[in-house]
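Just so you know, residue 1 is the first one in the sequence shown, and it goes up from there. As the structure is a prediction and not an experimental result, all values here were calculated from the model.
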Amino acid sequence: MSDPNTDNILELEVNDFGPIAEAKIDPRPLTVFIGPSNTGKSYLAILIYALHRYFSSRGWPGGRRFSRSSPLLHGFEASELAMNSINGLHEFAESLIADTEKPSLEEGIALPGSVMDAIRSGLEEQGPYFGNEVARCFGIEEGGALIRKGGKGAARIGFRMPRKSDVAPIEHGLTIGTQDSEFNTKFPLSTELHVGAGNEDYAVKELQSLAMDMISPGGQNEDRANFYAWRLLEVIADHFSPQIVGPLHRPAFYLPADRTGIMHAHSVVVSALIKNAAMTGLRPAAQTPMLSGVLADFLEQLINLDLRRSLRRNFQHDLDKRIERSILHGSIGVDKSETIGYPRFTYRPERWNDSLSLMNASSMVSELAPVVLYLRHVVGPGNVLIVEEPEAHLHPAMQVQFTRQIAAFIKNGIRVILTTHSEWVLEELSNIVHRSELSTLNRDAADETKTALHPDSVGVWLFKQRKHPTGSLIQEIKLDKETGLFPTDYDFVSEELYNESAKIFSRIQKETVN
């Protein structure tokens with residue numbers, strides 16, 4: 001079974017990255033970033049997306065891989081495998097076959113040091129590739145543009161997977177410089193790795209099959225032996241990636257801000273890009289702005305929606321339909337052209353026979369349509385969904401209702417990251433956490449539609465601007481026991497508005513008396 005100490009917990013440390021001077025966070029099932037504009041909330045959210053994008057099985061541009069090769073070994077060639085690593089893999093293969101019973105992957109497998117060295121070498125070859133993926137997600141050509149002005153000349157991203165209290169953590173670090181990026185990794189001296197829960201039998205069969213090929217007479221040829229050693233290393237890295245990179249092995253999906261504008265204009269944007277690509281070489285290059293990776297991925301995922309996947313999403317308890325019923329009061333639809341497969345998005349209000357084009361629906365509908373579509377066709381349990389500004393174009397009452405629906409995502413195994421400025425979202429989130437203190441009987445009696453989340457499942461981080469030197473500092477905020485709320489700067493804004501209102505009213509009274 002997967003070790004919960006590593007598969008679900010990530011400690012992320014960021015320094016001199018974009019507007020962020022310093023940040024230390026450990027994302028939870030529900031992670032919330034709040035704070036003033038231009039303090040780095042989206043920067044950190046996009047960085048987390050890039051980390052997932054790179055290390056998950058959907059980690060390559062385009063969202064698909066054409067080989068079984070593990071993302072952990074991207075850029076590492078079989079020819080670079082050292083002889084001691086090949087010998088170590090042979091010893092590991094022999095140990096797998098020597099056991100009369102299948103190895104207990106639930107208890108973990110201690111890999112030879114030479115094998116761990118090979119995985120480390122594969123990871124450390126990836127600095128340039130990793131830096132390029134981060135730059136792609138931000139829509140810039142060089143990662144050096146992400147270095148904080150006034151910083152120490154490089155952006156540093158470190159992440160570690162805490163293990164049992166008596167075992168040193170697995171640690172990784174990416175340094176983005178003005179010219180290039182470097183990646184380094186550190187494994188403890190004795191590393192036991194675990195296969196993800198539910199995959200033990202498949203992993204055993206695959207590992208033992210390769211081990212049999214490796215030690216068979218046909219596998220003794222030097223070229224074939226090296227080939228099988230490389231394949232065994234790939235399979236090890238693939239099955240044990242949850243232990244090596246923690247929750248970053250999970251696929252992540254990013255819903256950018258201004259979803260309304262994107263949903264209304266996506267057909268025009270994509271048509272323009274296709275037209276420009278088709279005319280390349282026949283006329284001067286068009287001045288079409290470069291899309292950020294998160295926006296490009298979002299557009300591509302909308303265009304390539306696999307409508308058949310909705311048939312396999314019933315185990316999610318109709319999360320998409322709950323949003324349609326409780327907030328949209330209508331249904332989101334997708335029609336695809338039979339000739340080119342291009343989607344047309346629609347909205348049909350309750351009790352209507354005909355559907356509207358999404359362009360003719362309200363901004364609230366267009367804003368939430370991608371959420372519905374992703375839940376229906378793209379996102380599944382174990383995935384990470386990042387949503388910028390969930391409050392956009394929503395009335396406060398609907399912000400509260402949407403926050404409740406997000407809590408239901410968590411209950412169904414979807415991990416969520418939000419960037420928000422909404423006090424309504426934060427206040428309802430406070431209620432959701434406090435509701436967990438009620439007994440199940442009393443909680444259901446109060447309102448069975450309202451979800452409760454344990455405090456450990458929710459993390460809220462406040463971004464604050466530092467003046468000297470400039471740069472944002474990020475700190476976790478806990479529920480205040482007296483107010484029952486997450487302490488933000490919203491109360492200061494309310495207080496200033498109240499004081500200003502009192503001054504105006506006082507002046508009006510004086511003028512009236514005079």
Nearest heavy atoms of Met263 and Leu358, plus distance in Å
CE-CD2, 3.5 Å
Locate the shortest heavy-atom distance separating Ser472 from Thr39; write the atom from each residue and the value.
OG-O, 2.6 Å
Once side-chain contact (heavy atoms from CB on, under 4.5 Å) is applied, do any residues pair with Leu255, and if so which ones, sequence neighbours excluded?
Arg259, Phe298, Pro370, Val371, Tyr374, Leu385, Val387
The side-chain contact (heavy atoms from CB on, under 4.5 Å) partners of Ala296 (sequence neighbours excluded) come to Leu291
For the residue pair Glu389 and Thr420, establish whether any side-chain heavy-atom pair is separated by less than 4.5 Å.
no
Residues, nucleotides or ligands: over 12 heavy atoms within 6.0 Å of Glu182 CD:
no
Which pair of non-hydrogen atoms, one from Asp456 and one from Pro29, has the smallest distance, and what is that distance?
O-CD, 4.4 Å
Scan for salt bridge (Lys or Arg N to Asp or Glu O under 4.0 Å) pairs involving residues 27-43, sequence neighbours excluded, and state none if there are none.
Asp26-Arg28, Arg28-Glu476
Residues pairing under side-chain hydrogen bond (donor to acceptor under 3.5 Å, both in side chains) where one sits in residues 13-25, two or more places apart or in two chains, turn out to be Asp16-Arg148
Within the side chain of Glu388, is there an N or O that forms a donor-acceptor pair under 3.5 Å with the backbone of Pro256?
no
For Pro128, all residues meeting side-chain contact (heavy atoms from CB on, under 4.5 Å), sequence neighbours excluded
Asp180
Are any non-hydrogen side-chain atoms of Phe345 and Leu373 less than 4.5 angstrom apart?
yes
side-chain contact (heavy atoms from CB on, under 4.5 Å) partners of Glu324, counting only residues at least two apart:
Lys321, Leu328, Ser331, Ile332, Val372, Arg376
Rounding to 0.5 Å, atoms CZ (Arg136) and CD (Glu141) come to a distance of 14.5 Å
If you round to the nearest 0.5 Å, how far is CG of Leu295 from SG of Cys137?
11.5 Å
Would you check if the side chain of Arg250 reaches a backbone N or O of Gly382 as a donor-acceptor pair within less than 3.5 Å?
yes
Scanning both residues in full, the closest heavy-atom pair of Asp258 with Glu367 reads N-OE2, 4.3 Å
Do the side chain of Ser457 and the main chain of Leu453 share a donor and acceptor less than 3.5 angstrom apart?
no
Less than 4.5 Å apart, side chain to side chain, heavy atoms only: is that true for His172 and Arg160?
no
Given the side-chain rings of His249 and Phe55, with only the six-membered ring counted for Trp, is the space between their centroids under 6.0 Å?
no
If you count heavy atoms of other groups shown closer than 6.0 angstrom to CH2 of Trp461, is the number above 12?
yes
I would like to know whether Phe17 and Phe138 meet ring-ring contact (aromatic ring centres under 6.0 Å, His included); could you show each step before the answer?
CA-CA 12 Å; Phe17 184 78; Phe138 281 89; 5.6 Å; yes
Between Pro390 and Leu394, what is the shortest heavy-atom contact and its length?
O-CD2, 3.8 Å
At what distance, to the nearest 0.5 angstrom, does OG1 of Thr185 lie from CD1 of Ile244?
8.0 Å
Within the structure provided, determine whether Phe187 and Ile119 are in side-chain contact (heavy-atom separation under 4.5 Å).
yes
Is the shortest heavy-atom distance from the side chain of Leu123 to the side chain of Asn184 under 4.5 Å?
no
Does this structure show an ion pair linking Arg53 with Asp297, if we count only N-O contacts that are shorter than 4.0 Å?
yes
For Pro169 versus Pro162, what's the shortest heavy-atom pair and its separation?
CB-CA, 4.2 Å
Check: Leu426 main-chain N/O paired with Ser430 side-chain donor or acceptor under 3.5 Å:
yes
CD of Glu428 to CD of Gln401: how many Å apart, nearest 0.5 Å?
8.5 Å
Rounded to the nearest 0.5 Å, how far does CD of Glu125 lie from CZ of Arg120?
13.5 Å
Would the distance check show the side chain of Asn383 and the main-chain N or O of Val379 forming a donor-acceptor pair, the cut-off being under 3.5 Å?
no
Quick one: do Ile323 and Phe409 satisfy side-chain contact (heavy atoms from CB on, under 4.5 Å)? Show the steps, please.
CA-CA 11 Å; Ile323 294 176; Phe409 301 175; 3.8 Å; yes
So among Ile9, Val384, Ile48, Leu10, which one has a side-chain contact (heavy atoms from CB on, under 4.5 Å) with Pro247?
Leu10
Where do Lys464 and Leu462 land on the side-chain contact (heavy atoms from CB on, under 4.5 Å) test, with the steps shown first?
CA-CA 6 Å; Lys464 286 188 173 182; Leu462 177 63; 3.3 Å; yes
Determine whether the aromatic ring centres of Tyr129 and Phe183 lie less than 6.0 Å apart.
no
CG of Leu30 to CD1 of Ile414, rounded to nearest 0.5 Å, is 12.0 Å
Testing Val14, Leu51, Leu47, Val134 for side-chain contact (heavy atoms from CB on, under 4.5 Å) with Leu174, which one passes?
Val134
Give the C-alpha distance, both sets of side-chain angles, the deciding distance and a yes or no for side-chain contact (heavy atoms from CB on, under 4.5 Å) between Ile474 and Ile20.
CA-CA 8 Å; Ile474 302 170; Ile20 300 172; 4.0 Å; yes
Is there a side-chain contact (heavy atoms from CB on, under 4.5 Å) between Val32 and Ile34 once you walk through the steps?
CA-CA 6 Å; Val32 183; Ile34 64 171; 3.8 Å; yes
Test item: Phe253 and Ile386 side chains (from C-beta on) under 4.5 Å apart, heavy atoms:
no
